[in-house]
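As the structure is a computational prediction, the values presented were derived from the model and not from experiment. So that the names make sense, note that chain A is the first sequence line, chain B the second, and so on, each numbered from 1.
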Amino acid sequence: MPELPDVEKFREMLESCAKGRAVQHVVVRDTGVLHGVSARRLRDALVGRRFTRPERHGKWLLARTGGPTLLLHFGMTGSLVCGSPDDAVEAHDRVLLTLSGERQLRYRDQRKLRGLWLADDDTEVARLLDDQGPDAMAVDRAEFAAVLSSHRGRVKTVLTDQTALAGLGNLLADEILWRARLRPTVRANDLTEPDRRRLYTQMRRTLRSAVTAGCVPPRDSWLTGHRDDPDPICPRCGAPLHRSRMAGRGTVWCPRCQPDGA
DNA sequence: ACTAATGTTAGCCG
DNA sequence: TCGGCTAACATTAG
């Protein structure tokens with residue numbers, strides 16, 4: 001599930017659920033999601049702290065407290081749940097943070113591909129996010145163009161490379177390229193100036209809608225609404241969509257709408 | 001039984 | 001150094 005729009009939804013949830021509230025209890029039900037921090041140190045660092053305004057960079061969520069920062073990454077199946085301590089605990093609830101005011105935050109994740117990190121200060125936050133490219137929501141057109149021009153790989157690979165640009169995942173990349181009428185296999189540095197402008201515009205439009213929806217919505221008018229169909233059809237031109245594999249990820253595109261750049 | 005799934009990373013190769 | 005590929009991580013659903 002989690003790409004930038006999902007993580008932004010978690011950020012908004014965290015802000016409304018936890019901002020200003022103090023951590024009363026920390027329960028780690030599965031230490032497999034902790035990275036570089038023990039359950040004891042996590043508890044000692046967080047209990048008694050109050051959450052301040054959370055931030056997001058790419059697919060990372062930063063739960064700030066004014067002291068240490070809890071960093072969350074949701075992998076492919078993670079989510080953040082805000083509820084009551086009385087809610088039934090589910091099988092994949094890995095970490096529970098009980099907050100003042102009868103609230104409880106939960107890091108829920110089936111596959112445990114990523115998890116939780118703890119940074120003692122901003123220096124350590126910066127170190128953990130050191131390899132991240134500019135955030136896809138915040139990047140300006142010039143910087144975006146510079147990212148594309150400086151990579152010789154395929155444009156889809158560049159869009160999903162978190163060190164080049166942070167936030168886009170497999171679904172968003174396919175969706176944005178389809179809207180911009182660019183084939184995922186074209187070389188990023190072969191894009192023309194109009195290509196780059198169109199790609200930037202469509203990235204912004206797609207992100208704006210997806211952030212409003214809180215996910216990459218599988219709407220009928222979106223490519224994403226059809227990628228799991230048995231015989232998918234392009235919702236724009238009716239041509240049969242193509243499927244392939246790029247960098248190990250399933251890739252869907254329209255051979256008619258997204259012509260070979262050459 | 002086999003495959004793919006919205007993520008990331010180490011290791012290998014050219 | 002860069003880009004591309006594969007396996008691995010852990011788990012479930014079709």
For the backbone of [Y] and the side chain of [X], can you confirm whether one donor and one acceptor N or O come within less than 3.5 Å of each other?
X	Y	answer
A/E124	A/D120	yes
A/D190	A/R187	no
A/R103	A/G83	no

Dot-bracket pairing map - DNA chain B, Watson-Crick plus G-U, both contacts under 3.5 Å, | cross-strand: .||||.||||||||

Taking the same atom, P, in B/dT8 and in C/dT1, what whole-Å distance lies between them? 23 Å

Using the P atom as the point on both nucleotides, what is the distance between C/dT6 and B/dT3, in whole Å? 14 Å

Cationic N near anionic O, under 4.0 Å, A/K112 to A/D109: no

Any pair with a residue in residues 7-25 of chain A that passes salt bridge (Lys or Arg N to Asp or Glu O under 4.0 Å), sequence neighbours left out, goes on the list, sorted by first then second residue, please. A/E8-A/R11, A/E8-A/R56, A/R11-A/E15, A/E15-A/K19, A/E15-A/R53

Does anything in residues 223-247 of chain A form a salt bridge (Lys or Arg N to Asp or Glu O under 4.0 Å)? List the pairs, not counting sequence neighbours. A/D174-A/R227

Look for any protein N or O under 3.5 Å of an N or O in nucleotides 11-14 of chain B and output each such pair with its distance, or none.
none

[atom1] of [X] versus [atom2] of [N]: gap in Å, rounded?
X	N	atom1	atom2	result
A/L61	B/dG7	CG	P	16 Å
A/D229	B/dA5	CG	C1'	16 Å
A/D131	B/dG7	CG	C1'	13 Å
A/D190	C/dG3	CG	P	13 Å
A/D109	B/dT6	CG	P	15 Å
A/L207	B/dT6	CG	P	17 Å
A/L116	B/dT8	CG	C1'	16 Å
A/E90	C/dT11	CD	C1'	15 Å

Restricting to pairs with a member in residues 92-101 of chain A, which pass side-chain hydrogen bond (donor to acceptor under 3.5 Å, both in side chains), not counting sequence neighbours? A/D30-A/R94, A/D93-A/R106, A/D93-A/R108, A/T98-A/Q104

Between the protein and nucleotides 8-10 of chain C, list the N/O to N/O atom pairs that are separated by less than 3.5 angstrom.
residue: C/dA10; atom: O4'; partner: A/R111; partner atom: O; Å: 3.0
residue: C/dA10; atom: N1; partner: A/R111; partner atom: NE; Å: 3.0
residue: C/dA10; atom: N1; partner: A/R111; partner atom: NH2; Å: 2.5
residue: C/dA10; atom: N3; partner: A/R111; partner atom: NE; Å: 3.1

Could you list the residues that satisfy disulfide bond (SG atoms under 2.5 Å apart) with A/C234, not counting sequence neighbours? none

Please list, chain by chain and in numerical order, all residues satisfying disulfide bond (SG atoms under 2.5 Å apart) with A/C82, sequence neighbours excluded. A/C17

OP1 or OP2 of B/dG7 sitting under 4.0 Å from any side-chain N/O of A/Q162? no

Residue closer to the 5' end of DNA chain C, A/S150 versus A/H92 (nearest nucleotide): A/S150

Side-chain contact test, heavy atoms from C-beta onward, threshold under 4.5 Å: evaluate it for [X] versus [Y] and give yes or no.
X	Y	value
A/L4	A/L207	yes
A/V47	A/V26	yes
A/P184	A/Q258	yes
A/E175	A/W222	yes
A/T212	A/S209	no

I need the residues from residues 167-174 of chain A with at least one non-hydrogen atom less than 4.0 Å from DNA chain B; give them sorted by number, or say none. A/G169, A/N170, A/L171

Within residues 69-81 of chain A: residues closer than 4.0 Å to DNA chain B (heavy atoms): A/H73, A/G75, A/M76

Closest heavy-atom contact between A/T160 and A/G169? CG2-O, 3.5 Å

Report the residue (A/E3 or A/W60) whose heavy-atom-nearest nucleotide on DNA chain B is the more 5′ of the two. A/E3

Other residues, nucleotides, ligands: >12 heavy atoms within 6.0 Å of A/E143 CD: yes

Distance in Å, A/H226 NE2 paired with A/S221 OG, rounded so as to fall on 0.5 Å steps: 7.5 Å

Under 3.5 Å, is there a donor-acceptor pair linking the side chains of A/R204 and A/Y200? yes

Restricting to pairs with a member in residues 15-65 of chain A, which pass ring-ring contact (aromatic ring centres under 6.0 Å, His included), not counting sequence neighbours? A/H35-A/W117, A/W60-A/H73, A/W60-A/W117

Provide a list of protein-nucleic acid N or O atom pairs under 3.5 angstrom, restricted to nucleotides 4-7 of chain C.
residue: C/dG4; atom: OP1; partner: A/R187; partner atom: NH1; Å: 2.9

